[in-house]
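Here's the structure, in C-alpha cells; my notes come after.
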Number of protein chains: 4
Amino acid sequence: MTAAKPGAGTRDGKPGAGTRDGKPGAGTRGAGRPRSAEKDAAILKAALDLLASHGYTRMSLSQVAEAAQVSKSTIHLRWKTKADLLTAALAALRMADAPAPSGDTRAELIAILEDFAATVERVRGMALIGTCLAEEAHTPELLALLRERTVLPRRALLRQVLEQARERGEILPDADLEGAVSALLGPYYADYMAASSPRSGWARAAVDLVLAGLRAGSDTR
Amino acid sequence: MTAAKPGAGTRDGKPGAGTRDGKPGAGTRGAGRPRSAEKDAAILKAALDLLASHGYTRMSLSQVAEAAQVSKSTIHLRWKTKADLLTAALAALRMADAPAPSGDTRAELIAILEDFAATVERVRGMALIGTCLAEEAHTPELLALLRERTVLPRRALLRQVLEQARERGEILPDADLEGAVSALLGPYYADYMAASSPRSGWARAAVDLVLAGLRAGSDTR
Amino acid sequence: MTAAKPGAGTRDGKPGAGTRDGKPGAGTRGAGRPRSAEKDAAILKAALDLLASHGYTRMSLSQVAEAAQVSKSTIHLRWKTKADLLTAALAALRMADAPAPSGDTRAELIAILEDFAATVERVRGMALIGTCLAEEAHTPELLALLRERTVLPRRALLRQVLEQARERGEILPDADLEGAVSALLGPYYADYMAASSPRSGWARAAVDLVLAGLRAGSDTR
Amino acid sequence: MTAAKPGAGTRDGKPGAGTRDGKPGAGTRGAGRPRSAEKDAAILKAALDLLASHGYTRMSLSQVAEAAQVSKSTIHLRWKTKADLLTAALAALRMADAPAPSGDTRAELIAILEDFAATVERVRGMALIGTCLAEEAHTPELLALLRERTVLPRRALLRQVLEQARERGEILPDADLEGAVSALLGPYYADYMAASSPRSGWARAAVDLVLAGLRAGSDTR
DNA sequence: TATGAATGAGTGTTCATTCAT
DNA sequence: TATGAATGAACACTCATTCAT
C-alpha cells in the first residue's frame with residue numbers, strides 16, 4: 001500500500017480527464033503548455049493522505065489544493081469530481097513486493113503478515129479502509145479499488161506461498177486455501193476492532209494456527 | 001446489534017433528559033408536557049439507519065428529522081450535538097442474548113458466529129463499522145461505543161464458550177483464548193474486505209480451524 | 001439608574017400582560033395561584049443585567065429564564081414578547097434621589113455629575129445606552145423609556161440647581177439652562193467615546209466651565 | 001464619516017485579499033479572474049448601511065448579500081467572518097477634510113461641529129455608535145475602529161484649531177485642551193440622549209461657552 | 001400558575017463546482 | 001494550462017414563540 005511512483009501509469013482511473021486523448025496524430029504533443037506531471041503526483045499524494053487522515057467527506061478539495069500547492073481549479077481540470085480524484089488516488093496505491101522466497105513457509109507467511117500490518121499502520125490504513133467501507137453504498141468504486149490494488153494482491157501473495165507448501169506436501173492436498181488466507185489476515189482486523197492495535201505476536205500465532213489446522217485436518221467435521 | 005427497546009434503559013448519554021427518569025408508576029411525573037417516547041425512539045432509529053447508510057459526515061440532522069418526522073429542534077432538545085445524538089444511537093445498540101448452552105462447543109461457537117454475521121448484515125454493520133473507523137481520529141467515541149456495546153460483548157460470549165471447553169479438557173489448558181477469539185471472528189472481516197460477503201460456511205471452517213489448533217497445539221513454535 | 005424595589009409599581013409598561021386586569025369585582029383576587037411577585041422581580045432584574053452585558057439581540061430569553069430561575073414560559077406568561085419584557089425592565093429603572101441641597105451650586109452640580117458617572121459605571125450604563133441607541137429604529141420604546149426614567153430626571157435635577165443659582169443671581173438671568181445641562185453632561189459621553197473612561201476631574205472641569213460661561217456671558221455672540 | 005472611495009487604500013484588514021495590492025500600472029496583475037471592485041464597494045456599503053440601521057447582531061450576512069447583489073460566499077471569500085466584514089466596513093469610514101483655515105477660531109470650530117452633526121445624521125451615526133457601544137464587551141474592535149477612524153481624527157481637528165488660538169493668545173496658555181474638545185462635542189451626545197436631535201444652535205452655543213471659559217479661566221477652581 | 005416539549009425561521013459558515021481571466 | 005473569483009446548496013445549531021400537561 002504505497003503511492004505509486006509518479007509519472008508511470010498515474011493516468012489510470014482518470015475518467016473524464018484527458019482532453020488530449022481523443023486527439024489525432026498520436027505522438028504530437030498538442031499546442032500549449034503540457035500538464036505538469038509533478039502536480040499530478042502532488043495532488044494524488046495529498047488526496048490520499050487526507051483521505052486517510054480525515055475521511056472522504058471530511059476532507060475538502062481546498063485542503064488537497066493547499067497541500068499540493070496548486071489551485072482548486074487545477075484539480076478540477078484533471079478530475080471532474082471529488083469522487084474521481086479519490087478514486088484515482090486509490091488507484092495509485094501499490095502493493096509492496098513479494099518477499100524473497102526462502103523455502104520456509106512459516107517464515108514467509110509471517111513476513112507477509114508483518115509487512116501488511118506495518119503498511120496499514122504507516123498509511124493509517126484502518127481509517128482508509130473505514131472510509132471505503134463507509135462509502136460503499138455511495139461511492140462503491142473506492143472499496144472496489146482498495147480491493148483491487150491492495151487487498152487482492154496481498155491475498156494472492158499469501159495464496160502463492162500456501163500453494164507452494166501444498167506442492168511440497170507440507171499441508172493437506174484438499175486444504176481450503178481461500179479460507180486459510182482469510183484466517184491469516186482476519187485476526188488483524190478482529191484485533192483492531194477490539195483495541196485499535198493487534199496483539200503482539202498476532203502474525204506468528206495466526207500462521208501457527210493455520211498451519212496446524214491445515215496439516216492435521218480437523219477430525220470433527 | 002439490535003436497537004434496544006425504547007423505554008428501558010435507553011436514556012444513557014442523553015444530556016438534556018430533564019427530570020423524568022423513565023421509571024414507571026413513580027407518582028411524581030415532573031411538571032410540564034412529558035417528552036414523547038415515540039419521538040425518542042424514532043429519532044434514534046432514524047439516526048442509526050442513516051449512520052449506516054450514509055456515514056457520519058454525509059448524514060445530516062435534517063435527514064434524521066425528516067425520517068423521524070420531527071423538527072430539527074426536537075432533536076437538539078434531546079441531544080446537544082450531532083456527535084451526542086449518534087453516540088446515543090450507537091449506545092442504544094444491544095447485543096443478542098447468548099445462545100442456550102448445549103454443551104456442544106463446536107455448535108455453540110458456530111451459532112454465535114452466524115448470529116454475528118446475520119446481525120451485521122441486518123443493520124448494515126460493515127458500513128457502520130467503517131464509519132466508526134473512518135471517524136476514529138475525529139470522533140473516537142463512536143468506535144469506543146461500538147466496541148463497548150457490540151464487539152466486546154460478542155467476544156466475551158465466545159471466550160466464555162472456550163473457557164468451558166477448556167474446563168472440560170477439550171482444548172489445551174495453556175491455549176491463548178484471546179487469540180482464538182480473534183481467529184474466530186477475523187475471517188468474517190477478511191472475507192468482507194475481499195468480496196463484501198463471507199464465503200459460505202466461513203463460520204464452520206473458522207471454528208474447525210481454531211478447535212483443531214487449540215486441541216493439537218502447534219509443534220513448530 | 002437602579003432597579004426599582006420589587007412589588008411597588010413594577011407592573012408598569014407590561015402591555016399585553018394582565019389577564020386579570022379585565023376581571024369584574026376589583027378586590028377579588030381570582031381563583032388559582034396568584035402570580036409570584038418574587039418571580040416578577042427576579043425576571044426583570046435578570047433581564048436588565050443581561051441587557052447591559054449582552055445587548056438586546058445577543059441576550060436570549062433562555063438566559064433570562066436561567067438567571068431568574070424560572071422557565072421560559074413563565075416569562076412569556078407575563079410579557080408577550082422579548083421587546084415587552086425589556087421595555088418593562090427598563091421601566092423598572094429608577095433614578096437615585098437628589099442630593100441634599102447645600103446652597104453651594106458648584107458642589108451640588110459636581111455631586112450630581114459624579115453620581116451620574118458612578119451609576120453608569122455600576123450598571124454598565126454605556127452598553128445599555130448603546131443598546132437603546134442601536135435599537136432606536138427597531139424598538140424605539142427602549143430609548144424612550146431610558147430617557148423617561150433616567151436621562152430626563154437627571155437633567156431635571158441639574159436644571160433645578162441651575163434655576164436656584166439663577167434666583168440667587170449667581171448666573172445671568174437669560175442663561176440657556178437646557179444648553180447648560182447638556183454642557184454639563186456632554187463631556188462624559190464625549191470622553192467615553194474617546195477612551196471608554198472619563199478624564200479624571202471631568203465633572204469639576206465641566207461645572208467650572210459652565211459656571212464661568214454663565215456668569216460672564218460670552219461677548220462674541 | 002464617509003465611505004472611502006473604493007480602490008484607494010481600502011484593502012486594510014481584508015484578510016484573504018490575495019495577490020493584488022491595488023497599485024495601478026504594475027504590469028503583473030496576478031493570475032486568474034480579478035476580484036470585482038464594484039462588489040467590494042457594494043458589500044462594504046451594504047454592510048455599513050445595515051450596521052447602522054439594524055445593529056451588529058440583528059443584521060445578517062444574507063441581508064448584506066442581498067443588498068449588495070452578491071452571494072453570501074462572495075462575502076466570505078473576502079472576509080472570513082462577520083466581525084471581519086464589519087470591522088472592514090468601519091475601517092473604510094473616512095473623516096471629512098479639515099475646513100479651510102480662516103484664522104477665525106470661532107467660525108472654524110463651529111464649522112467642524114456642524115460638519116460632525118451633519119455626518120452623524122447622514123450615516124445614522126448615533127445608531128452606529130450605539131451598536132459599537134453595545135458590542136464593546138463582545139466585539140471591541142468595532143468601538144476601537146470607530147474611535148480610530150472617526151472620533152479621534154475629529155478631536156484632533158478641533159484640538160488643532162484650539163492650539164492655533166492659544167498660539168495667537170486668544171485663550172489661556174494653560175487651558176485644558178482635551179477637556180475643551182470634550183466640552184465642544186459633548187453637548188451633541190447629551191442632546192441626542194435627551195431628544196434624538198440637537199437643540200438648534202447647539203454648536204454655536206458650545207463654542208461660545210468653551211471660548212468664554214478658556215478666555216476667562218475659571219476663578220472658582 | 002407554571003412547566004417542559006415542540007417548532008419554524010433564521011444564523012454564520014463551508015463546500016464542490018463553474019466562470020472569467 | 002492554470003489561476004482566483006463567484007456561486008447555490010447545504011450544514012449544525014440557536015432563538016422566540018406556541019402547545020400540551
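In what follows, every chain begins at residue 1, and chains take the letters A, B, ... in the order their sequences are listed. Worth saying up front: this structure is predicted, and the values here are computed from it rather than measured.
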Original post:
Given that both distances must come in under 3.5 Å, which nucleotide forms a Watson-Crick or G-U wobble pair with E:dA9?
Top reply: F:dT14
Subject >> Identity of whatever pairs with F:dA20 - Watson-Crick or G-U, under 3.5 angstrom >> reply: E:dT3
Quick check on [N]: is either OP1 or OP2 less than 4.0 Å from any side-chain nitrogen or oxygen of [X]?
X       : N      : value
A:Thr74 : F:dA2  : no
D:Arg33 : E:dT18 : no
B:Arg58 : F:dC11 : no
B:Arg35 : E:dA5  : yes
B:Ser73 : E:dT7  : no

**OP:** Have a look at B:Ser60 and say if it touches a base, only the backbone sugar-phosphate, or nothing, with a 4.0 Å heavy-atom cut-off.
**Re:** sugar-phosphate
Original post:
If you look at every strand shown and take non-hydrogen atoms under 4.0 Å, does D:Lys39 touch a base, only sugar-phosphate, or nothing?
Top reply: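 If one applies the 4.0 Å heavy-atom cut-off, D:Lys39 turns out to touch the sugar-phosphate alone, with no base involved.
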**OP:** Mark yes or no for whether B:Lys82, through its side chain, and B:Tyr56, through its backbone, hold a donor-acceptor pair below 3.5 Å.
**Re:** yes
Original post:
Quick one: does A:His54's side chain have a donor or acceptor within less than 3.5 Å of a partner on A:Arg58's backbone?
Top reply: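 Answer holds: no.
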**OP:** Would you indicate whether the side-chain heavy atoms of A:Cys132 and A:Leu145 approach each other to under 4.5 Å?
**Re:**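 No, side chains not in contact.
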Original post:
Does the side chain of D:Trp79 reach to within under 4.5 Å of the side chain of D:Ile43, using non-hydrogen atoms?
Top reply: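 Yes, side chains in contact.
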Original post:
Considering only E:dA2, E:dT17, F:dA16, which nucleotide approaches the side chain of C:Leu77 most closely?
Top reply: E:dA2
Original post:
Between E:dT7, F:dT17, E:dT13, which nucleotide has the shortest distance from any of its atoms to the side chain of D:Lys72?
Top reply: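 Within the option list, the nearest is E:dT13.
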